Structure formats: C-alpha cells, structure tokens
Amino acid sequence: MSLLTRMTAAALIALGTALPAAAQDDTLTISVTFGPTGEVPDPRAGYNGWMSNQTGVTETLMGIDYDLNLYPRLAESIEQTAPTTWRVTLRDGLTFHDGSPVTAQAVIDAIAPISDENDPAFNKRIAGVLDLAGMSADGDRVVVFETNSPNAAFQWSLSDPGVAILGAPSDAFPINATGPYIFREAVPEQLYRVEANSDYRMGEPGFDEVRVVASPDPATASLAFEAGDVDMVINYPETDFARIQETGAQGFTAPTARLYFYSMNTASGPLANPLIRQAVSLAIDRDGIVEAVLSGVGGVPAGTIYPEGKSWAADIAPTYDPARAEELLAEAGAVKQGGTWMLDGEPLEIEILTYSSRAALPPTAEITQAFLQQIGITASVRVGEYGASNDALKAGDGDMFLQAWVMLPQGDPGSILGFLLASDGGSNAGNYANPAMDALLVEGQTTFEQAERERIYDEVQQIIATDVPLIPVFHVSQAVVARAGLTGYQVHPTETYWITHETRFAE
C-alpha cells in the first residue's frame with residue numbers, strides 16, 4: 001500500500017468508517033461533504049430528509065423529474081377541488097419496509113408531526129410551506145389536505161424530501177419508509193448505511209448495501225477515491241475533474257439549480273447602504289470567477305437567482321462594471337484617498353464569510369476579495385463552518401456570506417425566496433427587510449395563474465438586482481465521479497436524488 005493510500009485510509013478511519021480494502025459490486029460507498037445528524041435522523045426534521053431521499057430510503061407523495069417537472073410518486077394523482085383543498089389519491093398496494101400497508105391515515109400520521117412544535121419531527125421551514133389547516137382520510141387511499149390560505153406551491157411542497165411518508169418505527173425499522181433501500185445505521189457526522197429492500201415494488205435494488213461516508217474536505221474525498229476506498233464522490237473538486245477521468249473513472253456532470261451567492265448584511269456596517277451593495281456587485285467579474293474556479297466543469301455567470309433560459313428566470317444579465325461601481329461609492333459618500341476608499345474617515349472594509357465543504361467556495365471568496373481590492377475596497381476572507389458563518393452574519397459580525405444553495409429544491413420558487421428574503425425568513429441571515437418584497441412573496445404564494453406568478457417572481461428578481469440583498473455569482477454544474485461501470489445514475493437538477501433501484505455496476 002502506498003503512503004498516499006495509507007494516509008487516505010487513515011483519514012477515513014479517523015471518521016469512524018471501516019471501509020473495504022477493495023471495491024465490491026454488491027456495495028456502493030459514496031463520499032459526501034456532510035454526514036447524518038444523529039443515530040436515527042428523522043427525515044422530517046431539519047434537512048435529514050435529503051440523505052434519506054438521496055439513498056433511496058424514503059419517498060414522497062410527489063416527485064421532481066430530471067427536467068424539473070412535478071410528477072406523482074407515492075401518489076397516483078393530485079387534484080385541487082377548492083382554493084384551499086387538495087385531494088391526493090395513493091397508489092394501490094403500497095407497503096412500508098415492515099410490510100404494513102401505506103394508508104391515508106398513515107400518511108396523515110407521518111405528516112402531522114411536521115407542524116407540531118412539541119414533536120421532535122417539527123420542521124418550521126416545511127410547516128410554513130405546507131401551511132396546513134388540517135388533513136382527513138377519505139377511505140384508505142385518499143388524503144384530503146386543507147390549507148390555511150390559497151397556496152399555489154402546495155402540490156410542489158409535497159415533493160420536499162422532508163415530507164417523507166413513514167410508518168410506525170420499531171427496533172427493526174427505526175426509519176420505516178417505502179423506498180428501495182432500508183435504513184440500518186448512522187454514525188453522526190460520519191456514516192449513513194442502508195441495505196436493499198428486496199420487496200421493493202419497482203424491482204430489486206442493484207446493491208446489497210449502500211454506505212455514505214462524510215468527508216468535509218473535498219481533497220480528502222478525492223484521495224480516498226483514487227485509493228479505491230470509495231466508489232463515488234458527490235461534488236468532486238472541479239479543478240481535478242478532467243484529470244481523474246483520464247485514470248479510467250467515470251465523470252458525471254449536469255446543470256443544477258444550485259446557485260453560489262452572497263447574502264449581504266443589510267442591517268449594519270457599510271453594506272447597510274444599498275448604493276455600496278450595488279457597487280460591490282458591479283465590482284465582481286463573474287466570468288472571471290467561473291473561468292478560474294470551475295475549470296471547465298460547467299458554470300454560468302449569474303445575473304439572477306435562476307439560470308438564464310430556465311424556469312422562472314428573469315431577463316437580468318450579470319454585469320461587471322468597476323467604473324460604475326466607483327461612481328456609486330462616491331454617491332454613497334465614500335472618498336478615495338491614495339487608492340483606498342474611505343467612509344466616515346475610515347477605510348471602507350468588507351469582511352467576506354464562507355465555509356469549505358464545497359471546493360469552489362473559498363477560491364470564489366478569495367477572487368471576490370481581489371476584485372474589491374482592485375477598485376480600492378479593503379476586503380478580507382474568513383473561512384469557517386457553515387452554521388458559524390451564518391450566525392456571524394446574522395449577528396452583524398461580517399458583511400458578505402458566500403453560500404451555495406439549490407434554489408428550486410421543490411421546483412417552485414416560493415419557499416426558498418421566502419426563507420432568504422422575507423423579513424421573518426428563517427434563513428434571512430442578512431436581516432433584510434423590505435415591505436414590498438414581503439408583499440410580493442405573499443402574492444406569489446397565493447396566486448395560481450402561471451403567467452401572473454411569473455410576473456410576480458420577475459418583479460422579485462428585479463428588486464434583488466436593484467436593492468441587492470444578495471448577489472448571485474454563478475450557477476454550477478454538479479461534478480460527480482464513480483469507478484467504471486456504474487449505470488442507472490445521472491445528476492439530478494435538485495441534487496436531492498442520487499440512486500434508484502436501477503443504479504448498479506454493470507456486470
């Protein structure tokens with residue numbers, strides 16, 4: 001065993017993961033940048049449902065296909081019978097992993113805790129999107145949902161991985177779901193292990209076992225892949241993507257709805273002034289960042305939060321204009337002295353926050369720092385954990401927070417925009433407050449006519465472009481590598497689906 005292999009294996013064992021010495025066709029080991037949050041992570045709580053959905057353990061009533069279209073999944077059909085009433089008919093013959101039937105009442109029992117603040121499965125984010133007034137069963141196969149107000153995003157919200165349909169848990173099936181794989185164990189922040197559900201309704205799964213191991217450092221994950229310790233790496237470092245394929249590895253890449261963007265501290269510091277926020281946006285050469293950071297894997301400079309030409313995207317081009325940026329700084333009352341912009345007698349300083357679990361984040365922040373310094377803005381970069389960086393911006397300790405989010409996880413824009421930009425949004429780390437924005441977000445949620453919804457969300461994007469509560473930088477194509485022979489896999493635009501029962505190594 002080479003020194004590199006020994007170092008890689010040691011790093012993974014330190015994470016509590018005993019990996020096979022050689023890849024096996026009946027086991028798939030996937031490396032990702034994050035791990036489970038507990039020994040039995042409830043799919044409804046937090047973002048736990050992403051991993052259970054990605055590994056084929058849980059399923060939802062509705063799903064999102066590879067073209068971002070909504071389709072019935074566990075549901076056979078969905079029908080809106082009144083402005084606040086939806087009837088969902090279940091597929092016939094569904095069973096949970098323990099063999100018990102999936103009934104309308106079981107669906108109600110699975111979803112109700114999401115909105116119960118006293119239940120461990122409570123999820124404020126999802127409860128707000130569902131906005132449920134009540135649920136009832138009409139026989140064994142029909143669930144009637146009542147919302148508090150007209151909710152155009154409701155049917156899309158049923159595709160959220162957190163709205164997982166679960167049966168009663170037991171020691172044998174602590175996560176008793178319906179998918180092609182059965183949850184077996186989790187080691188917090190380290191390992192998530194599932195086994196095949198041989199009775200899956202659509203056919204026998206391609207692997208006896210799937211193991212997801214957490215490697216927060218993308219470089220460590222790439223070393224583990226080259227050493228043969230893992231079969232697949234999700235979010236492989238873009239700078240190495242072309243080279244690794246020359247070794248015989250399979251490379252998968254496709255556009256996703258993930259946006260790299262800055263949340264701006266709009267409540268304190270220099271960026272409380274919208275003129276300075278506009279100047280910062282104009283000072284960033286997005287084309288230069290994409291060329292330097294993504295290494296040809298695929299990325300599109302972002303003028304707005306959705307990729308150009310895709311669903312919901314407004315016609316807003318990314319703009320690089322450092323001369324205009326300096327004009328705006330002067331309009332904001334800044335004075336340039338000796339090549340440095342001064343504000344109220346002190347250097348105009350901007351601190352950029354980010355985290356390192358995605359390889360493209362730190363270099364994007366560093367290149368942004370360089371662009372700001374080119375026009376005379378003093379800038380610094382602080383790399384930490386996601387949660388700490390988010391909390392710091394929320395508390396006013398920092399000015400810009402570089403993040404990477406899937407902006408259409410449910411195929412509908414309403415929920416994510418509300419989290420990020422509503423005055424009471426749960427992920428509004430920049431403390432942005434704009435009554436016009438709040439009103440538009442409510443209007444978008446309660447309007448059903450598609451053309452009118454598009455107009456509303458176009459206006460939302462125009463406000464983002466002019467008021468700059470966040471700065472879109474680029475839309476990325478996800479890079480995934482796997483050992484040769486993997487079939488039945490493709491990159492999903494929401495990133496919430498990894499494997500199906502058809503995913504396997506070719507014989």
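For reference, positions follow the sequence shown, starting with 1. Since this is a predicted model, take the numbers as computed values, not measurements.
A side-chain N or O of N235 and one of Q478 form a donor-acceptor pair less than 3.5 Å apart. If you check the side chains of S159 and Q410, you find no donor sitting under 3.5 Å from an acceptor. In the model, E452 has no side-chain atom that pairs as donor or acceptor with a side-chain atom of T447 under 3.5 Å. A donor atom on one side chain and an acceptor atom on the other are not found under 3.5 Å apart for D160 and T60. Donor-acceptor pairing under 3.5 Å is recorded for the side chains of N148 and D131. For the residue pair T58 / S52, a side-chain donor-acceptor distance below 3.5 Å is found, with atom types taken as modelled. A donor and an acceptor atom, one from each side chain of Q54 and T496, are nowhere located under 3.5 Å apart.
Distance alone, capped at 3.5 Å, places no donor-acceptor pair between the T85 side chain and the A82 backbone. No side-chain donor-acceptor contact under 3.5 Å links H501 to the backbone of Y200. Remark: side-chain polar atoms of N48 are paired, donor with acceptor, to backbone N or O of D42 under 3.5 angstrom. Judged by distance alone, the side chain of N123 and the main-chain N or O of G46 form a donor-acceptor pair under 3.5 Å. Under the 3.5 Å distance criterion, the side-chain polar atoms of Q461 are matched with a main-chain donor or acceptor of A314. Not a single donor-acceptor pair under 3.5 Å links the side chain of R184 to the backbone N or O of E209. Put simply, the side chain of E385 never gets that close to the backbone of G387: no donor and acceptor are under 3.5 Å apart. The main-chain N or O of L353 is never found under 3.5 Å from a side-chain atom of Y262 such that the two would form a donor-acceptor pair.
Remark: R125 is positioned above the aromatic ring of Y47, its terminal NZ or CZ atom under 6.0 angstrom from the ring centre and at most 45 degrees off the axis.
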Taking it one step at a time, do D26 and F207 satisfy side-chain contact (heavy atoms from CB on, under 4.5 Å)? CA-CA 5 Å; D26 58 0; F207 298 104; 5.9 Å; no
Criterion salt bridge (charged side-chain N to carboxylate O under 4.0 Å, His left out) on E226 and R243, from CA distance to verdict: CA-CA 11 Å; E226 291 211 67; R243 183 200 65 82; 2.6 Å; yes
Quick one: do M232 and S31 satisfy side-chain contact (heavy atoms from CB on, under 4.5 Å)? Show the steps, please. CA-CA 6 Å; M232 187 176 190; S31 176; over 6 Å; no
Using salt bridge (charged side-chain N to carboxylate O under 4.0 Å, His left out), reason through E185 and R211 one step at a time and then give a plain yes or no. CA-CA 10 Å; E185 68 171 320; R211 298 164 61 88; 5.2 Å; no
Chi angles and distances behind the side-chain contact (heavy atoms from CB on, under 4.5 Å) call for F261, L402: CA-CA 6 Å; F261 68 97; L402 179 62; 5.9 Å; no
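Side chains of Y66 and H492 form a contact here, defined as non-hydrogen atoms less than 4.5 Å apart. Taking the side chain as every heavy atom from C-beta outward, R504 and T487 approach each other to under 4.5 Å. Looking at F225 and V481, their side chains come closer than 4.5 Å, going by heavy atoms from C-beta outward. At a threshold of 4.5 Å between non-hydrogen side-chain atoms, the residues L166 and I175 count as touching. Counting heavy atoms from C-beta on, the side chains of M51 and V32 come closer than 4.5 Å. Put simply, the side chain of I464 does not reach to within 4.5 Å of the side chain of T304, judged on heavy atoms. Residues R87 and D138 form a side-chain contact, since some pair of their non-hydrogen atoms from C-beta on lies under 4.5 Å apart. The closest side-chain heavy-atom distance from I499 to L28 is below 4.5 Å.
Screening residues 106-120 for side chain to side chain donor-acceptor pair (under 3.5 Å), with sequence neighbours left out, gives Q105-D109. Note on residues 67-82: pairs passing salt bridge (charged side-chain N to carboxylate O under 4.0 Å, His left out), not counting sequence neighbours, are E76-R141.
A distance of 13.0 Å separates OH of Y497 from OG1 of T55, quoted to the nearest 0.5 Å. Interatomic distance, OG1 of T494 versus CE of M407, reported as 14.0 Å (0.5 Å rounding). Considering CG of L158 and CG of L61, their distance stands at 5.5 Å, rounded to 0.5 Å. A distance of 4.5 Å separates OG1 of T178 from CG of L74, quoted to the nearest 0.5 Å. If you take CG on L259 and NE2 on H475, they are separated by 5.5 Å, rounding to the nearest 0.5 Å. Atoms CG and OG1, on L90 and T103 in that order, are 8.0 Å from each other to the nearest 0.5 Å.
Here D98 pairs with S100, N176 under the side chain to side chain donor-acceptor pair (under 3.5 Å) rule; sequence neighbours left out. Residues meeting the side chain to side chain donor-acceptor pair (under 3.5 Å) test with W86, sequence neighbours left out: none. In this view, W156 satisfies the ring-ring contact (aromatic ring centres under 6.0 Å, His included) rule with no residue, not counting sequence neighbours. Take H97 and apply the ring-ring contact (aromatic ring centres under 6.0 Å, His included) test, not counting sequence neighbours, and it matches no residue.
Nearest approach of R358 to P362, heavy atoms of both residues: O-CD, 3.5 Å. W498 approaches I30 most closely through the heavy-atom pair CE3-CD1, 4.3 Å. The minimum heavy-atom distance linking P218 with S357 is given by the pair CG-O, 3.8 Å. Between R286 and V473, the shortest heavy-atom distance links the atoms CG-O, 3.5 Å. Closest heavy-atom contact between E238 and A359: OE1-CB, 4.2 Å. T37 approaches E189 most closely through the heavy-atom pair CA-OE2, 4.2 Å.
Across Q445, Q155, R453, a single residue satisfies side chain to side chain donor-acceptor pair (under 3.5 Å) together with D412, and that is R453. Partner of Y386 under the ring pair (Phe, Tyr, Trp, His ring centres under 6.0 Å) criterion, chosen from F34, F401, W405: F401.
The ring of F96 has its center no closer than 6.0 angstrom to the ring center of F173. Aromatic ring centres of Y306 and W312 lie farther apart than the 6.0 Å criterion allows. Y192 has its ring centre less than 6.0 Å from the ring centre of F183.
Heavy atoms of other residues, nucleotides or ligands lying less than 6.0 angstrom from CD of Q450 number more than 12.
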